[in-house]
Protein chains: 2
Amino acid sequence: MAKPVAMRGFARERVLEAALELFSDHGVSGTSLQMIADRLGVTKAAVYYQFHSKDDIALAVVKPVFDDIEHLLRIADTLPTTETRRSVTMGGMVELIIRHRRISSVFYGDPTVHHLLEGTDEFRVVGERLAGVLLGPDPDNATRVAISMFSAGVHGCVTDPMISELDDAELQEILLDLTKKFLEVCVPSC
Amino acid sequence: MAKPVAMRGFARERVLEAALELFSDHGVSGTSLQMIADRLGVTKAAVYYQFHSKDDIALAVVKPVFDDIEHLLRIADTLPTTETRRSVTMGGMVELIIRHRRISSVFYGDPTVHHLLEGTDEFRVVGERLAGVLLGPDPDNATRVAISMFSAGVHGCVTDPMISELDDAELQEILLDLTKKFLEVCVPSC
DNA sequence: GTCTATAAAGAGATAGAC
DNA sequence: GTCTATCTCTTTATAGAC
């Protein structure tokens with residue numbers, strides 16, 4: 001007899017939730033399948049039933065973020081000018097990163113995950129499209145640096161312990177304001 | 001007969017150099033002593049002769065950065081106002097991070113290293129003093145977020161592959177300019 | 001100061017019982 | 001779908017020869 005639909009896939013979600021917490025505490029390389037299993041009170045074999053490898057888990061954890069980025073890029077594609085595409089994408093990224101506050105910081109800057117994403121066409125392509133929209137056509141060096149600093153800054157800031165007391169709404173308001181000012185002053189072509 | 005002074009400690013430096021390259025490619029957790037030994041063409045035991053543990057290597061790699069931060073903070077301590085202390089420290093950090101371009105990015109945001117540094121009084125204290133100078137007395141939330149974004153942004157940007165073609169001098173010029181503008185526009189108390 | 005050898009623990013992953 | 005048990009490889013780290 002099949003399990004009710006409402007129950008199906010719950011174990012998978014629990015693995016992802018536990019993995020996310022551990023990844024963000026210890027990094028992906030610093031997290032073992034044993035640690036994930038222990039946190040769930042199950043054995044490694046039970047985890048392997050849900051995912052074929054540790055890489056699979058890491059990719060499944062980040063997937064929702066890339067899905068949202070892709071959605072944002074589809075919206076940006078409908079906009080008429082380079083400038084509006086860029087500013088809408090930057091604002092959208094801020095909201096998106098805060099929505100996935102725990103996830104995005106885990107993966108931005110983690111070399112292990114970087115290599116994993118580079119080796120996964122689906123994700124690499126999204127990253128390249130995002131960079132294309134943020135940089136615009138023929139970006140000069142100052143623009144490149146400003147965009148890089150913005151991206152790293154937002155990702156890094158949302159999980160900075162110094163900031164952790166701020167709730168999502170408050171953080172988003174401040175970050176959107178900073179983003180607007182930053183864009184006006186620091187990106188030459190705006 | 002003792003080894004000539006000019007030779008002493010060279011093996012140690014070679015270990016640190018190899019470790020730095022591997023750490024920046026694979027993260028600290030993703031790098032094993034075997035990988036370090038292999039890159040040097042020696043055995044693990046030879047590495048263990050120079051350092052008692054992997055943590056020791058990681059701490060020795062970051063030490064020069066913290067030495068320079070401490071030097072910068074001593075300079076900042078001599079300045080009269082909160083604002084000059086902050087702007088001089090921010091500019092100094094930009095130069096310092098570029099000077100240690102390969103090192104600093106490895107460690108900023110790496111959870112393994114974060115825990116290691118938190119557990120080492122010498123380094124934790126420097127980090128706290130730095131945060132104190134950058135934040136100033138009684139920082140509001142917007143200042144906290146701006147400073148956090150600045151720190152993460154500079155660290156993340158210097159090793160962004162998108163930026164890697166820029167040489168140190170060019171990158172420093174752009175980053176110092178961005179820092180100045182950012183400080184004027186984004187930090188409320190300035 | 002660098003080696004071989006090895007211990008002891010933990011990693012990722014699989015097979016097969018229930 | 002979850003377990004026990006196990007395999008194989010790698011890890012950190014030490015002991016002792018040279």
Side-chain angles (χ1 to χ4, degrees), chain A residues 1-23 25-62 106 110-113 115-117 119-120, chain B residues 1-23 25-62 110-113 115-116 119-120:
Chain A
M1 184 170 120
K3 181 173 280 192
V5 173
M7 281 300 288
R8 209 178 290 160
F10 262 52
R12 194 184 157 91
E13 288 307 312
R14 297 215 319 136
V15 169
L16 290 179
E17 176 60 30
L20 172 54
E21 282 173 23
L22 289 164
F23 287 169
D25 269 9
H26 307 102
V28 174
S29 302
T31 302
S32 68
L33 291 173
Q34 189 67 65
M35 290 162 76
I36 296 173
D38 286 351
R39 166 154 311 206
L40 294 170
V42 301
T43 60
K44 275 189 294 180
V47 176
Y48 271 107
Y49 178 77
Q50 305 291 341
F51 297 94
H52 293 133
S53 70
K54 194 171 128 179
D55 284 356
D56 276 0
I57 301 179
L59 290 172
V61 169
V62 323
V106 172
D110 183 320
T112 306
V113 182
H115 290 136
L116 192 57
L117 296 177
T120 308
Chain B
M1 184 169 118
K3 183 173 281 194
V5 173
M7 281 301 289
R8 210 178 288 162
F10 261 53
R12 194 184 158 90
E13 287 307 312
R14 297 216 318 137
V15 168
L16 290 179
E17 176 61 28
L20 171 54
E21 283 173 23
L22 289 164
F23 287 168
D25 269 9
H26 307 100
V28 174
S29 301
T31 302
S32 69
L33 291 173
Q34 187 68 65
M35 291 161 76
I36 298 173
D38 286 350
R39 167 154 311 207
L40 294 170
V42 301
T43 62
K44 278 187 293 181
V47 177
Y48 272 108
Y49 178 79
Q50 304 291 342
F51 297 94
H52 294 131
S53 70
K54 195 170 125 178
D55 284 358
D56 275 0
I57 301 178
L59 290 172
V61 168
V62 339
D110 183 321
T112 306
V113 182
H115 290 135
L116 192 57
T120 309

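Every chain is numbered from 1 and lettered A, B, ... according to where its sequence line falls, protein lines coming before strand lines.
- We find the CZ-CD distance between Phe10(B) and Glu17(B) to be 12.5 Å, quoted to the nearest 0.5 Å.
- Remark: Thr43(A) is not in phosphate contact with dT2(D), judged by side-chain N or O atoms under 4.0 Å from OP1 or OP2.
- A side chain to side chain donor-acceptor pair (under 3.5 Å) check over residues 33-43 of chain B, counting only residues at least two apart or in different chains, returns the pairs Glu21(B)-Arg39(B), Gln34(B)-Asp38(B).
- Closest approach of Pro111(A) to Asp25(B), counting heavy atoms only: CB-O, 3.3 Å.
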Restricting to nitrogen or oxygen on both sides, can you table the protein-nucleotides 15-18 of chain C pairs closer than 3.5 Å?
none

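- Residue-to-nucleotide contacts include a donor-acceptor pair under 3.5 Å from the side chain of Lys44(B) to the base of dT12(D).
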Using side-chain contact (heavy atoms from CB on, under 4.5 Å), reason through Ile36(B) and Leu33(B) one step at a time and then give a plain yes or no. CA-CA 5 Å; Ile36(B) 298 173; Leu33(B) 291 173; 4.3 Å; yes

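- Interface residues of residues 30-40 of chain B facing DNA chain D, ordered by number: Thr31(B), Ser32(B), Leu33(B), Gln34(B); criterion, heavy-atom separation under 4.0 Å.
- Contact record, Ser29(B) with Gly30(A): CB-N, 3.8 Å, taken as the closest heavy-atom pair.
- Taking every heavy atom of residues 46-61 of chain A and every atom of DNA chain D, pairs under 4.0 Å involve Ala46(A), Tyr49(A), Gln50(A), by number.
- Across every non-hydrogen atom of Thr120(A) and Leu116(A), the tightest pair is OG1-O, 2.8 Å.
- Scored by the salt bridge (charged side-chain N to carboxylate O under 4.0 Å, His left out) test, Arg12(A) finds no partners at all (sequence neighbours excluded).
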Listing, residues 49-61 of chain B side-chain donor-acceptor contacts under 3.5 Å, not counting sequence neighbours, or none:
unit_1	atom_1	unit_2	atom_2	d
Ser53(B)	OG	Asp55(B)	N	3.4
Ser53(B)	OG	Asp56(B)	N	3.2
Lys54(B)	NZ	Val28(B)	O	3.0
Lys54(B)	NZ	Thr31(B)	O	2.7
Asp56(B)	OD2	His52(B)	N	3.4

